[in-house]
Amino acid sequence: MSHKPRVRFAPSPTGSLHLGGARTAIYNWAFARSCGGSFILRIDDTDPERSTPENIAQIMRALAWLGLDWDEGPSFQTERAGIYTAALKTLSERGWAYRCFCSPAELAARRDAARGRGGFSGYDRSCRALTEEEAQARADAGEPFAWRLKVPDDRGPVVFEDAVRGRTEFPLDAIDDFVLVRSDGTPTYNFASIVDDADMAITHVIRGDDHLSNTPKQILVLEGLRAPVPTFAHLSMIWGPDGKKLSKRHGSTGVEEYAGQGYLPEALLNYLALLGWSLDGETTLIDAETLKSRFSLDRISKNPAIFDFAKLTWMNGVYLREMPVERFTQLMAERLQQAGLADEADFEVRRAWYLKLAPLVSERIKLMTEIVPLVRFLFVESVEPDETAQTKVLGKDPDLVRRALRAALEALENVLEAEWDTAHIEAALADLPAKVDAKPRLAYQPLRVAVAGSVVSPPLNESMELLGRARTLARIRALS
């Protein structure tokens with residue numbers, strides 16, 4: 001392309017950043033980066049009742065957590081009133097806008113009557129026939145009014161080439177003389193958003209297809225302003241597993257909720273990028289650097305994407321397993337500190353110990369939230385067998401449990417403190433199944449319960465090494 005693209009992500013801060021909005025942001029960011037363009041963050045905060053500073057802060061945190069950096073902004077529509085006033089003046093002077101004095105009650109009554117007749121239920125253009133003098137006189141008298149776009153009668157259908165959907169056409173008679181500026185002086189979305197796009201020289205508008213019906217209206221505004229029309233790319237919706245639009249009924253929809261549930265930003269970034277776009281139709285794991293260099297609009301699908309929670313969780317597990325051990329160790333330590341099981345000083349003193357634990361954990365979890373339950377036994381003085389351990393191990397064959405624990409205790413007591421490592425522990429316990437005449441799983445399960453208080457833990461021998469000789473023997477004695 002001859003000019004570097006300029007794209008924007010323009011969320012309304014009336015709630016948290018949801019998954020659909022995050023995917024839109026990812027596509028805009030990746031497209032800008034792949035083309036050497038600019039990614040602009042704009043906050044569309046013209047709804048004063050629902051827009052809050054907390055929501056703005058949350059949106060920016062979520063974007064930063066995903067690793068999306070912006071080149072300009074954030075800018076706020078509430079700080080750009082002068083831009084909209086100037087644009088409205090231009091449209092009015094060129095005969096593209098007029099005052100409408102119809103009250104909400106009058107408009108509602110006319111719409112109801114039109115529906116009853118089976119006719120067009122949009123605005124009936126009753127104020128369009130007012131002369132400029134008549135309209136000015138009513139305004140000077142203090143009568144409230146809104147500004148509407150004067151949709152031209154002599155224009156053909158609004159046609160544009162959507163970068164995702166292809167040729168898209170809207171007949172002119174389906175487009176209302178819509179409101180540009182409300183009677184309270186605030187601009188509507190279809191006016192402020194496209195005026196901002198023109199002022200910011202946005203070249204590509206990449207957004208959800210719930211905005212598709214807004215596009216012909218916005219193109220008409222641009223025509224009235226004699227401003228360039230950007231390339232539009234409308235993204236299909238994200239559906240839940242039931243084939244309906246993703247919503248709270250399917251589970252969490254906010255980006256920060258997924259962070260709290262133990263998902264990694266790189267996994268969520270990767271997964272959302274694949275909800276409607278593909279690199280080559282085969283590659284599943286795509287990191288941020290690949291997105292930044294390989295993303296293109298022509299690989300976006302027209303079809304709705306299905307959000308698969310199980311696939312996201314699987315992908316998160318892959319990222320955890322492939323994460324460099326140093327980074328995983330740091331993240332694990334932070335989780336343990338947040339849970340009150342360790343502190344930063346302990347981490348600094350026993351860094352080698354944490355580094356040894358890390359791969360045993362990362363290979364067995366899919367979510368960061370699984371770390372603390374899995375390794376808690378290593379950070380407490382004693383453990384109590386959980387309900388599953390009580391039912392499926394201790395209560396199933398008490399005689400075997402006693403024999404297995406006593407045999408294990410006898411074998412491990414012969415392992416010296418200086419030799420207390422995985423290799424020596426494994427050698428000492430090698431003939432435990434034979435000693436108690438049981439299958440290996442049944443012979444070792446009581447020992448795992450004694451050490452970890454659960455039937456699930458990192459590898460048993462490695463766990464005992466990390467737990468230490470004294471605490472391991474004490475726990476076996478306590479249960480035997």
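The model shown is predicted, which means the values in this text are computed figures rather than measured ones. Side chains are part of it too, since the values below use all heavy atoms of this structure and drop only hydrogens, waters and symmetry mates.
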Determine whether a donor-acceptor pair (N or O, by modelled atom type, separation under 3.5 Å) exists between the side chain of [X] and the backbone of [Y].
| X | Y | answer |
| --- | --- | --- |
| D162 | H234 | yes |
| W353 | L466 | yes |
| D199 | V195 | no |
| Q58 | L17 | yes |
| S293 | T290 | yes |

Please tell me whether [X] and [Y] have a donor and an acceptor in their side chains that are separated by less than 3.5 angstrom.
| X | Y | answer |
| --- | --- | --- |
| D298 | S296 | yes |
| S193 | D196 | no |
| S454 | R376 | no |
| S75 | R42 | no |

Under 6.0 Å between ring centres: does that hold for [X] and [Y]?
| X | Y | value |
| --- | --- | --- |
| Y271 | F307 | yes |
| F295 | W277 | yes |
| H211 | Y189 | yes |

Return the minimal non-hydrogen interatomic distance between [X] and [Y], and the atom names on each side.
| X | Y | answer |
| --- | --- | --- |
| L264 | Y319 | CD1-CB, 3.8 Å |
| S457 | R448 | OG-NH1, 2.7 Å |
| N55 | G15 | ND2-N, 3.3 Å |

Within 6.0 Å of CZ in R321, more than 12 heavy atoms from elsewhere:
yes

Any ion pair linking [Y] and [X] (charged N to carboxylate O, less than 4.0 Å)?
| X | Y | result |
| --- | --- | --- |
| R351 | E348 | yes |
| R327 | E266 | yes |
| D210 | K245 | no |

Could you tell me whether the side chain of F160 reaches within less than 4.5 Å of the side chain of T231, counting heavy atoms only?
no

Residue pair E326 / L355, side-chain heavy-atom distance below 4.5 Å:
yes

Can you name the one residue among R148, K150, R125 that meets salt bridge (charged side-chain N to carboxylate O under 4.0 Å, His left out) with D177?
R125

Only pairs under 3.5 Å count here: list side-chain donor-acceptor contacts from residues 330-340, not counting sequence neighbours, and write none if there are none.
unit_1: Q330; atom_1: NE2; unit_2: E334; atom_2: OE2; d: 3.4

d(L246 CG, I238 CD1) to nearest 0.5 Å is 6.5 Å

